[in-house]
Colleague: 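A single structure is presented below for examination.
For this chain, numbers begin at 1 and follow the sequence in order.
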Amino acid sequence: MAIQLFVPSFRVEECLEEIRECLEKGWTGLGYKTVAFEDAWKKYTRLPYAHFLNSNTVGLQLALEILGRRMGWEPGDEVITTPLTFVSSNHAIVYNGFEPVFADVDDSLCLDPDSIRARITERTRAVMFVGIGGNTGKYTEVVKLCREKGIAIILDAAHMAGTRVGGRHVGHDADVTVFSFQAVKNLPTADSGMICFSNPQDDEEVRKLSWLGINKDTYARTAAQGAYKWMYDVERVGYKFHGNSIMAAIGLVQLKYLDRDNAYRRQLAEWYRNEFSGETNVRLIPMAPGIESATHLFQVRVSNRDELMLALNENEIYPGVHYRDNTEYSMYKSGNGNCPKAAKASQEILSLPMHMGITHEDVVTIASLVKKYAK
Ligand SMILES: *Cc1c(COP(=O)(O)O)cnc(C)c1O
């Protein structure tokens with residue numbers, strides 16, 4: 001039977017029960033389950049603020065807009081970012097009229113603090129850090145560097161739901177952390193995300209901007225009785241980016257199982273690592289010390305990646321690549337050539353099947369084929 005890279009697993013009956021509550025109550029939109037999910041997320045991560053959105057992508061867009069406005073960033077100001085990411089991280093910079101400046105990655109496939117330091121200019125306003133596969137790489141050093149230089153830190157935590165370092169959930173030391181609950185992430189809904197600012201005004205602002213700029217507080221104050229619902233203020237143009245109660249209902253159920261699922265992911269990763277120990281043709285990605293990774297991905301590096309991919313496909317095993325060096329894309333080609341380690345990784349990395357349906361036997365089968373064909 002074919003083995004896919006990602007297969008989301010849903011607790012179907014429990015999800016349907018939560019969704020049924022929405023349908024019976026007649027409340028499927030913003031509010032109700034979205035509030036319950038935000039509360040549950042804050043409790044789980046111990047992050048002070050959380051706002052539920054319709055994706056991580058819009059969260060990254062809003063993160064830059066809100067930080068930029070508060071801190072007075074100007075068009076053309078620079079955000080240091082990684083070439084090894086899903087394009088959302090970099091598009092979010094462009095949406096806001098800022099300039100993505102690509103820095104290189106280290107062995108963890110996350111941004112290298114030394115490369116960031118070398119790219120800092122007078123116009124650098126923020127660093128976009130992506131925790132690839134749930135790993136943190138040298139994130140702590142990057143935070144330190146950002147604080148030292150007065151640069152904001154945005155954590156794209158799309159792979160990091162449940163990643164803890166030293167027992168603490170990631171995100172507490174970033175200016176803003178954005179999670180993804182897209183269909184194949186390790187906490188899947190269908191499409192949604194969570195934005196967690198560290199500053200209360202930013203959190204207040206994102207609640208308005210994600211709902212067309214509508215200031216709900218105005219009518220909450222003046223018409224708590226339910227009359228005058230149209231008497232809100234709109235201070236500035238906002239977007240339709242907030243999440244809804246159906247997605248939140250699924251998220252609430254999935255969150256209950258997140259730690260259990262992530263523990264199984266770590267088990268799978270350990271099985272893979274054991275299979276590959278001593279293999280010189282299959283290189284592993286080092287984990288940051290003290291980390292309990294969400295392990296959204298299990299990646300290896302080989303020198304004949306494309307050939308290996310085809311050989312695995314012939315055996316009905318379908319791995320993935322996370323990611324192609326973004327500076328190879330036409331729209332980001334200005335950064336091409338500046339990040340040799342990312343460019344090399346982009347040719348070598350392969351993400352092996354990682355989901356709740358994979359068994360130890362599958363790992364052994366996949367690993368033996370990888371070992372057979374890897375060069
Ligand atoms: C999936 C992903 C995103 C985008 O998340 P959506 O919720 O689909 O918008 C952003 N960054 C990374 C690293 C991702 O993997």
Side-chain angles (χ1 to χ4, degrees), residues 34 38 41-42 45 47-82 85-103 110-111 116 123-132 136 139 142-143 146-147 149-161 163 169-182 185 191-213 236-243 326:
T34 66
E38 288 170 357
W41 189 251
K42 284 186 282 185
T45 57
L47 296 176
Y49 306 101
H51 181 49
F52 188 56
L53 295 171
N54 64 34
S55 74
N56 159 297
T57 304
V58 300
L60 294 172
Q61 178 180 340
L62 292 173
L64 283 152
E65 178 170 336
I66 290 168
L67 292 180
R69 186 178 296 121
R70 177 162 63 78
M71 301 188 195
W73 304 347
E74 288 175 0
D77 279 355
E78 296 166 2
V79 179
I80 295 178
T81 184
T82 173
T85 187
F86 189 56
V87 283
S88 295
S89 328
N90 294 321
H91 281 10
I93 300 167
V94 176
Y95 294 151
N96 282 282
F98 303 130
E99 184 70 30
V101 172
F102 292 95
C110 299
L111 276 176
I116 294 174
R123 300 207 74 172
T124 306
R125 302 290 174 250
V127 168
M128 172 76 72
F129 192 94
V130 181
I132 291 287
T136 48
Y139 172 71
V142 172
V143 172
C146 287
R147 295 302 168 224
K149 301 279 184 188
I151 294 168
I153 177 110
I154 297 155
L155 181 59
D156 178 351
H159 302 176
M160 301 179 107
T163 289
H169 199 285
V170 292
H172 58 87
D173 46 6
D175 291 287
V176 56
T177 303
V178 188
F179 297 91
S180 173
F181 310 130
Q182 186 267 345
K185 295 290 152 69
D191 256 321
S192 61
M194 195 74 85
I195 187 164
C196 302
F197 280 102
S198 64
N199 174 310
Q201 286 109 306
D202 292 346
D203 178 69
E204 221 172 273
E205 186 66 13
V206 78
R207 284 164 197 281
K208 291 181 233 168
L209 275 195
S210 65
W211 190 32
L212 301 137
R236 60 168 60 100
V237 68
Y239 314 91
K240 190 74 168 61
F241 283 172
H242 64 77
N326 283 196

Colleague: Which distance, rounded to the nearest 0.5 Å, do you find between the CE of M160 and the OG1 of T136?
Modeller: 5.5 Å
Colleague: Please identify each residue that fulfils side chain to side chain donor-acceptor pair (under 3.5 Å) with Q182, with sequence neighbours left out.
Modeller: none
Colleague: Rounded to the nearest 0.5 Å, how far apart are CZ of F181 and CG of N54?
Modeller: 13.0 Å
Colleague: What is the distance from atom CG of D191 to atom OG of S180, rounded to the nearest 0.5 Å?
Modeller: 7.5 Å
Colleague: Let's go through D175 and N199 carefully: what are the C-alpha distance in whole Å and the side-chain angles of both, what is the deciding distance for side-chain contact (heavy atoms from CB on, under 4.5 Å) to 0.1 Å, and is it a yes or a no?
Modeller: CA-CA 7 Å; D175 291 287; N199 174 310; over 6 Å; no
Colleague: Which pair of non-hydrogen atoms, one from W73 and one from A126, has the smallest distance, and what is that distance?
Modeller: CH2-CB, 3.7 Å
Colleague: For R69, enumerate each residue passing the side chain to side chain contact (heavy atoms under 4.5 Å, CB included) test, keeping only those at least two apart in sequence or located in another chain.
Modeller: E65, E205, L209, R236
Colleague: In Å, rounded to the nearest 0.5 Å, how long is the span from CG of L53 to CE of M194?
Modeller: 8.5 Å
Colleague: Quick check: do I195 and V176 have side-chain heavy atoms less than 4.5 Å from each other?
Modeller: yes
Colleague: Does a side-chain heavy-atom distance below 4.5 Å link C146 with F129?
Modeller: no
Colleague: For K42 versus A50, what's the shortest heavy-atom pair and its separation?
Modeller: CG-CB, 3.7 Å
Colleague: Heavy atoms, side chains only, cut-off 4.5 Å: are F179 and L47 in contact?
Modeller: yes
Colleague: Less than 4.5 Å apart, side chain to side chain, heavy atoms only: is that true for M128 and L111?
Modeller: no
Colleague: Give the minimum heavy-atom separation between G68 and F98, together with the two atoms involved.
Modeller: CA-CZ, 4.4 Å
Colleague: Measure the CD1-NZ distance between I116 and K149 for me, rounded to the nearest 0.5 Å.
Modeller: 12.0 Å
Colleague: Answer yes if the side chains of S210 and H51 hold a donor-acceptor pair under 3.5 Å, and no otherwise.
Modeller: yes
Colleague: Measure the spacing between CZ of F52 and CH2 of W41 and express it to the nearest 0.5 Å.
Modeller: 10.5 Å
Colleague: What is the minimum heavy-atom distance between I151 and T124, and which atoms define it?
Modeller: CD1-CG2, 3.8 Å
Colleague: Going by side chain to side chain donor-acceptor pair (under 3.5 Å), name the residues that satisfy it together with S89, two or more places apart in sequence or in a different chain.
Modeller: T85, D156
Colleague: Do R147 and I153 pass the side-chain contact (heavy atoms from CB on, under 4.5 Å) test, and can you show the C-alpha distance, the side-chain angles, and the key distance before you say yes or no?
Modeller: CA-CA 9 Å; R147 295 302 168 224; I153 177 110; 3.5 Å; yes
Colleague: Within a strict 4.5 Å, meaning less than it, do heavy atoms of the F102 and N90 side chains meet?
Modeller: yes
Colleague: Got Y139 and L155 here, is their nearest side-chain heavy-atom distance under 4.5 Å?
Modeller: yes
Colleague: Would you indicate whether the side-chain heavy atoms of V130 and F86 approach each other to under 4.5 Å?
Modeller: no
Colleague: Only counting residues at least two apart or in another chain, list the ones meeting side chain to side chain donor-acceptor pair (under 3.5 Å) with D77.
Modeller: R123, R125
Colleague: Considering the options R70, K208, R207, which one meets the salt bridge (charged side-chain N to carboxylate O under 4.0 Å, His left out) requirement together with D202?
Modeller: R70
Colleague: Would you list the pairs meeting salt bridge (charged side-chain N to carboxylate O under 4.0 Å, His left out) in which at least one residue belongs to residues 90-100, sequence neighbours left out?
Modeller: none
Colleague: Is the distance between the ring centroids of F197 and Y49 under 6.0 Å?
Modeller: no
Colleague: Without swapping roles, check the side chain of N96 against the backbone of Q61 for a donor-acceptor pair under 3.5 Å.
Modeller: yes
Colleague: With the side chain counted from C-beta on, respond yes when N56 and K185 share a heavy-atom pair under 4.5 Å apart, and no when they do not.
Modeller: no
Colleague: For T57, enumerate each residue passing the side chain to side chain contact (heavy atoms under 4.5 Å, CB included) test, keeping only those at least two apart in sequence or located in another chain.
Modeller: S55, S88, Y95
